[in-house]
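What follows is a short report on a single structure.
Just so we're clear, the structure is a prediction, and the values are computed from it rather than from any experiment.
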Amino acid sequence: MALKLDAKIPAGALAEKWSNHKTAIKVVSPANKRKLDIIVVGTGLGGASAAASLGELGYNVKVFCIQDSPRRAHSIAAQGGINAAKNYQNDNDSVYRLFYDTIKGGDYRAREANVYRLAEVSNLIIDQCVGQGVPFAREYGGPQVSRTFYARGQTGQQLLLGAYAALNKEIAAGSVKSYPRHEMLDIVIEDGEAKGIIARNLVTGEIERHGAHAVVIATGGYGNVFFLSTNAMASNGSASFQCYRKGAGFANPCFTQIHPTCIPVHGDQQSKLTLMSESLRNDGRIWVPKKLEDVKAIRAGKLKPSQIAEEDRDYYLERRYPAFGNLVPRDVASRAAKERCDAGY
């Protein structure tokens with residue numbers, strides 16, 4: 001039987017889909033939340049935040065992670081920031097502008113309704129992170145508007161520490177039960193819905209079964225498919241594959257991002273690529289020589305780049321994208337850089 005993909009996107013106008021859906025769905029009373037069990041597999045930014053939030057709402061939560069501590073989730077490796085339409089600078093940012101920029105920056109390959117919902121909740125995401133103690137900078141980055149929230153080069157680490165602290169609070173309160181060093185071996189499906197998991201205790205080797213009214217899979221993407229990459233959202237893919245075996249669609253196995261500022265590979269023992277700060281293409285001004293003879297002279301050691309006159313420097317991103325300059329989306333910057341390299345500059 002052919003798989004029917006259903007994104008479960010609500011009907012209606014794009015800007016109203018999710019708002020109308022939230023208004024119409026039934027809510028669960030506080031008295032009934034205590035009767036419901038939820039399993040969360042994965043303790044990265046998504047899993048830890050979900051488990052902590054669900055526990056605080058009053059649900060009975062079990063959270064599973066394959067590492068010895070939720071704090072060792074690979075989300076800690078994220079170095080970028082979070083875009084949110086807070087409009088703190090009063091520079092005319094809006095939910096629609098964030099939606100449009102995200103769709104365009106992703107080569108128009110994302111589901112528009114889901115990206116609009118992401119733009120809608122972006123402000124709430126920042127509020128939740130701040131509530132969990134994440135120390136965001138007070139200067140905000142961004143291509144044309146100031147909307148990028150970050151914690152220097154430690155954004156992933158600070159976000160995960162905040163989510164981990166919130167999770168520990170609920171574990172101490174008894175609303176969340178933690179199962180570290182557990183690997184999900186199978187997912188239990190009943191009447192088309194996930195009702196539990198089969199897990200292995202990696203310390204004792206014991207096979208365990210855990211039932212619930214709902215299961216949240218937050219285990220990250222299958223990063224190994226890219227060999228060396230900068231993926232901060234990666235796992236061994238075992239949980240995703242178990243869901244696939246039970247009929248879940250399996251596409252886009254990892255969040256793929258093109259990054260124009262990677263340090264080249266050094267040695268055959270390197271496990272992933274290393275990012276340089278994107279500030280290198282912000283105010284630093286990226287250029288190549290305008291004349292091929294200058295390129296040849298530099299390669300021959302007869303000329304230093306610093307000796308090239310200003311009028312002989314091609315600031316190609318500023319030339320091609322004057323509204324964005326060096327702050328064009330990373331896929332655009334990468335393609336422009338490749339075009340200049342392929343042309344011999």
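- The hydrophobic cluster containing Val176 does not contain Tyr179, counting ILVMFWY residues as joined when their side-chain heavy atoms lie under 4.5 angstrom apart, directly or transitively.
- Less than 6.0 angstrom separates the ring centroid of Phe64 from the ring centroid of His210.
- Using a 3.5 Å distance cut-off with no hydrogens or angles, the side chains of Asn20 and Thr23 do not pair a donor with an acceptor.
- Taking each heavy atom of Val40 and Gly47 in turn, the nearest pair found is CG1-O, 3.6 Å.
- One hydrophobic cluster, built from ILVMFWY side chains closer than 4.5 Å, holds both Ile171 and Leu54.
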In sequence, state the C-alpha distance, the side-chain angles, and the governing distance for Asp314 and Trp287, and then conclude on side chain to side chain contact (heavy atoms under 4.5 Å, CB included). CA-CA 5 Å; Asp314 177 19; Trp287 62 274; 5.7 Å; no
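- Partner of Ile66 under the side-chain contact (heavy atoms from CB on, under 4.5 Å) criterion, out of Thr219, Leu202, Val41, Thr43: Leu202 alone.
- In this structure, Trp18 contributes its side chain and Leu118 its backbone to no donor-acceptor pair below 3.5 Å.
- Ion pairing between Glu120 and Lys22 fails under the 4.0 Å rule for side-chain N and carboxylate O.
- Side chain of Lys17 to backbone of Gly12: a donor-acceptor contact under 3.5 angstrom is found.
- Remark: Lys291 NZ is loosely packed, at most 12 non-hydrogen atoms of other residues, nucleotides or ligands lying under 6.0 Å away.
- Around the OH atom of Tyr100, the shell of radius 6.0 Å holds no more than 12 heavy atoms that belong to other residues, nucleotides or ligands.
- Using a 4.0 Å cut-off between a side-chain N of Lys or Arg and a carboxylate O of Asp or Glu, Asp186 and Lys246 qualify as a salt bridge.
- Taking hydrophobic clusters as Ile, Leu, Val, Met, Phe, Trp and Tyr residues chained together by side-chain heavy-atom distances below 4.5 Å, Ile9 does not share a cluster with Val115.
- A salt bridge is defined here as a Lys NZ or Arg NE, NH1 or NH2 lying under 4.0 Å from an Asp or Glu carboxylate O, and Asp37 with Lys62 fails to meet this definition.
- Placement of Val145 and Tyr140 in two distinct hydrophobic clusters is found when ILVMFWY residues are connected by side-chain heavy-atom separations under 4.5 Å, directly or transitively.
- Note: Met184 CE to Ile39 CD1 = 9.5 Å, rounded to the nearest 0.5 Å.
- Taking the six-membered ring for Trp and the full ring otherwise, Phe136 and Tyr150 have centroids separated by 6.0 Å or more.
- Atom CD of Glu293 sits in a crowded spot, with more than 12 heavy atoms from other residues, nucleotides or ligands closer than 6.0 Å.
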For residues 193-201, tabulate all N or O donor-acceptor pairs below 3.5 Å that involve a side-chain atom, not counting sequence neighbours.
residue: Glu193; atom: OE1; partner: Lys195; partner atom: NZ; Å: 3.4
residue: Asn201; atom: OD1; partner: Val203; partner atom: N; Å: 2.8
residue: Asn201; atom: OD1; partner: Thr204; partner atom: N; Å: 3.2

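- In the hydrophobic clustering of this structure, Ile286 groups with Val288; members are Ile, Leu, Val, Met, Phe, Trp, Tyr whose side-chain heavy atoms approach within less than 4.5 Å, directly or through other members.
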Take Arg285 and Asn326 through the test side chain to side chain contact (heavy atoms under 4.5 Å, CB included) and record every step on the way to the result. CA-CA 7 Å; Arg285 302 195 75 191; Asn326 291 319; 4.1 Å; yes
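- Summarising the geometry of Glu56 relative to Lys169, their closest heavy-atom pair is OE2-NZ, 4.0 Å, with the distance given to 0.1 Å.
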Derivation and outcome, side chain to side chain contact (heavy atoms under 4.5 Å, CB included), residues Ile217 and Val215: CA-CA 6 Å; Ile217 302 295; Val215 178; 3.9 Å; yes
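- Note: His182 NE2 to Glu206 CD = 8.0 Å, rounded to the nearest 0.5 Å.
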Applying side chain to side chain contact (heavy atoms under 4.5 Å, CB included), run through Tyr116 and Val95 and close with a yes or a no. CA-CA 8 Å; Tyr116 195 92; Val95 168; 4.0 Å; yes
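- Considering all non-hydrogen atoms of both residues, Gln128 and Ser49 come closest at NE2-CB, 3.9 Å.
- Atom CD of Glu112 is separated from atom OG1 of Thr102 by 11.5 Å, given to the nearest 0.5 angstrom.
- Contact record, Ala323 with Gln144: O-NE2, 3.2 Å, taken as the closest heavy-atom pair.
- A salt bridge is defined here as a Lys NZ or Arg NE, NH1 or NH2 lying under 4.0 Å from an Asp or Glu carboxylate O, and Lys302 with Asp294 fails to meet this definition.
- Here the CD1-CD1 distance, from Ile308 to Ile298, works out to 3.5 Å after rounding to the nearest 0.5 Å.
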Between Glu310 and Tyr315, is a side-chain hydrogen bond (donor to acceptor under 3.5 Å, both in side chains) present by the stated rule, with each step listed? CA-CA 10 Å; Glu310 182 70 19; Tyr315 296 91; 2.9 Å; yes
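- Environment of NZ in Lys177: sparse, with no more than 12 heavy atoms of neighbouring residues, nucleotides or ligands closer than 6.0 Å.
- Across all their heavy atoms, Cys65 and Pro70 have their closest contact at SG-N, 3.9 Å.
- Listed by chain and number, the residues in a salt bridge (charged side-chain N to carboxylate O under 4.0 Å, His left out) with Arg71 amount to none (sequence neighbours excluded).
- Between Asp68 and Arg72, at least one side-chain nitrogen of the basic residue sits less than 4.0 Å from a carboxylate oxygen of the acidic one, meeting the salt-bridge criterion.
- Arg340 forms no cation-pi arrangement with Tyr316, by the criterion of a distance under 6.0 Å to the ring centre and an angle within 45° of the ring axis.
- Asn87 places a side-chain N or O within donor-acceptor distance of the main-chain N or O of Asn92, the cut-off being under 3.5 Å.
- Electrostatic pairing of Arg97 and Asp101 does not count as a salt bridge here, judged by no charged N lying under 4.0 Å from a carboxylate O.
- A distance of 8.5 Å separates CZ in Arg138 from CZ in Phe149, rounded to the nearest 0.5 Å.
- Under the 3.5 Å distance criterion, the side-chain polar atoms of Ser175 are matched with a main-chain donor or acceptor of Glu170.
- A salt bridge links Arg147 with Asp93: the distance from a Lys NZ or Arg NE/NH1/NH2 to an Asp or Glu carboxylate oxygen falls below 4.0 Å.
- Residue Ser178 holds its OG atom at 8.0 Å from CG of Asn168, rounded to the nearest 0.5 Å.
- A donor-acceptor pair under 3.5 Å is formed between the side chain of Asn123 and the backbone N or O of Lys86.
- When all heavy atoms of Leu36 and His213 are compared, the closest pair comes out as CA-ND1, 3.6 Å.
- Around the CZ atom of Arg209, the shell of radius 6.0 Å holds no more than 12 heavy atoms that belong to other residues, nucleotides or ligands.
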